[in-house]
Amino acid sequence: MLYIISAPSGTGKSTLIKKLLKRKNLISIGQSISYTTRSMRKGEKNKKNYYFVSLKKFQNMIEKKRFLEYAKVFGNYYGTEKKKIQNICRIYKNVILDIDWKGEKQIRKSNWKMKSIFILPPSKKELIFRLKKRDRDKKKTIIFRTNTISKEIKNYLLYDYFIVNDDLDKTVQKIESIIVAENLKMKRNRKFCISLIEKIFSEKIFKI
Ligand code: ADP
Ligand code: 5GP
């Protein structure tokens, strides 16, 4: 099952995912690392934040149909490799993806089981504060990114879930609750439920 997280830049996606991946007692979850043509920011590491590749390599991957989805976001290409997702699925029950609405749309149309979560900051002032605190983007980039979101709003209304990231820990708990509830749905557990009923009710107990 894939879980897509989208939010305006600086809302807290990376921070939330990092914290979610540490909560291992209720869910089994791995993160998809995307490919991008954008240049590395200070503090970022290749293969940890992204696979940083050239435009030529990215185009070659498109031609070879290696992406489950890809999109141009803020002038750079970003994409999720099918093989990487399949590898994560061999280890974990759930995979989390930090991608934009164009990617969400493509995965929704595919055969993959997925749910999407749209996250907003409590206010624009707080968003700008978080972007400045992160200290990774130029002023021009901050203005451009924070002005784009309202133009794209209709795409986010199609998401399955909506959360406001005000309190960090509570937001992580809410994301975890969504994943836990989705994992517990009868339609995803029918086989296991039937086998357990058969096992429980075929046991012969002579003494109580
Ligand atoms: P994104 O991945 O969405 O671009 P980040 O995870 O890099 O955003 O977060 C941007 C900044 O906001 C970071 O400095 C992070 O520590 C901070 N942040 C994230 N969530 C919260 C929150 N709920 N309250 C206060 N600060 C937050
Ligand atoms: P950033 O440059 O700030 O890391 O990411 C910019 C935007 O690209 C964010 O909205 C992020 O969700 C999106 N993004 C990151 N990886 C992917 C991806 O693989 N596919 C798509 N469609 N968007 C991505």
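If you read the sequence from its start, that first residue is 1, and numbering goes on from there. Both ligands and their constituent atoms are indexed starting at 1 by order of listing.
- With S34 contributing its side chain and T80 its backbone, the two residues share no donor-acceptor pair below 3.5 Å.
- Within ligand 2, the atoms closer than 4.0 Å to a non-hydrogen atom of G103 are 22 (N), numbered from 1 in the order shown.
- Here's the thing with K102: none of its N/O atoms is less than 3.5 angstrom from an N/O atom of ligand 2.
- Remark: the S6 side chain and the Y159 side chain contain an N/O donor-acceptor pair separated by less than 3.5 Å.
- Interface of T80 with ligand 2, defined as ligand atoms under 4.0 Å from a residue heavy atom, comprises 19 (O).
- Looking at every heavy atom in both residues, S116 comes nearest to D160 through N-OD2, 2.9 Å.
- Short contacts between ligand 2 and A71, defined as distances under 4.0 Å to a heavy atom of the residue, involve ligand atoms 22 (N).
- When hydrophobic clusters are built by joining Ile, Leu, Val, Met, Phe, Trp and Tyr residues whose side-chain heavy atoms come closer than 4.5 Å, directly or via intermediates, V180 is grouped together with L21.
- Nearest protein heavy-atom contact of atom 19 (O) of ligand 2 is S34 OG, 2.7 Å.
- Relative to atom 5 (O) of ligand 2, the option among F67, Y51, Y50 with the closest non-hydrogen atom is Y50.
- Annotation: side chain of R38 is not in contact with side chain of F74 (no heavy-atom distance under 4.5 Å).
- Within the 4.0 Å heavy-atom shell around ligand 1 one does not find L16.
- Atom 7 (C) of ligand 2 has its closest protein heavy atom at V73 CG1, 3.7 Å.
- For atom 8 (O) of ligand 1, the closest non-hydrogen atom on the protein side is G12 N, 3.2 Å.
- Side-chain N/O atoms of T11 and R130 include no donor and acceptor closer than 3.5 Å.
- No part of K72 comes within 4.0 Å of ligand 2, judged by heavy-atom distances.
- Among protein heavy atoms, atom 20 (N) of ligand 1 sits closest to N165 ND2, 3.1 Å.
- Heavy-atom contacts of D166 reach the following atoms of ligand 1: 22 (C), 23 (N), 24 (N) (cutoff under 4.0 Å).
- In summary, the side chains of Y35 and K84 do present a donor paired with an acceptor at a separation below 3.5 Å, with no hydrogens or angles considered.
- Scanning all protein heavy atoms for the shortest distance to atom 7 (O) of ligand 1 gives R134 NH1, 3.0 Å.
- Ranking protein heavy atoms by distance to atom 6 (C) of ligand 2, first place goes to Y78 OH, 3.6 Å.
- Aromatic rings of F162 and Y156 (six-membered ring for Trp) have centroids beyond the 6.0 Å cut-off, not under it.
- In this structure, I88 is a member of the same hydrophobic cluster as I99, with clusters built from ILVMFWY side-chain heavy atoms closer than 4.5 Å.
- Considering backbone and side-chain N/O of Y70, none are found under 3.5 Å from N/O of ligand 2.
- Taking the six-membered ring where tryptophan is involved, the planes of Y70 and F67 are tilted, since the angle between them lies from 30° to 60°.
- Residue S14 has at least one nitrogen or oxygen atom sitting less than 3.5 Å from a nitrogen or oxygen atom of ligand 1, judged on distance alone.
- Those atoms of ligand 2 with a heavy atom of R38 less than 4.0 angstrom away are 1 (P), 2 (O), 4 (O).
- Nearest protein heavy-atom neighbour of atom 3 (O) of ligand 2: R145 NH1, 2.8 Å.
- Ion pairing between a basic and an acidic side chain is recognised when a charged N comes within 4.0 Å of a carboxylate O; K174 and D169 show no such pairing.
- Looking at E182 and Y161, their side chains do bring a donor and an acceptor atom within 3.5 Å of each other.
- The protein atom (non-hydrogen) at minimum distance from atom 20 (N) of ligand 2 is E69 OE2, 2.8 Å.
- Residue contacts with ligand 1: A7 is excluded, as none of its non-hydrogen atoms falls under 4.0 Å.
- In terms of protein heavy atoms, atom 23 (N) of ligand 2 is closest to D100 N, 3.2 Å.
- When every heavy atom of P8 is checked against every heavy atom of I119, the shortest pair comes out as CD-O, 3.4 Å.
- The main-chain N or O of T171 is never found under 3.5 Å from a side-chain atom of N165 such that the two would form a donor-acceptor pair.
- The minimum heavy-atom distance between I178 and I163, with the atom names listed, is CD1-CD1, 4.0 Å.
- For ligand 2, one of its N or O atoms has an N or O atom of R41 under 3.5 Å away.
- Here the heavy atom of the protein found nearest to atom 25 (C) of ligand 1 is R130 NE, 3.6 Å.
- Inclusion of T15 in the set of residues having an N or O under 3.5 Å from an N or O of ligand 1 is warranted.
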Carefully, step by step, assess L2 and K113 under the rule side-chain contact (heavy atoms from CB on, under 4.5 Å).
CA-CA 6 Å; L2 309 184; K113 288 182 207 135; over 6 Å; no
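- Here the protein heavy atom with the shortest distance to atom 14 (O) of ligand 1 is K133 CE, 3.4 Å.
- Distance from atom 10 (C) of ligand 1 to its nearest protein heavy atom, with residue and atom name: G10 O, 3.5 Å.
- For ligand 2, the polar-atom distance check against Y35 finds no nitrogen or oxygen pair separated by under 3.5 Å.
- Checked against a 3.5 angstrom limit, the closest N/O atoms of G79 and ligand 2 fall inside it.
- With a heavy-atom cut-off of 4.0 Å, D98 touches ligand 2 through backbone and side chain alike.
- A salt bridge does not link E126 to K133: none of the charged side-chain nitrogens sits closer than 4.0 Å to a carboxylate oxygen.
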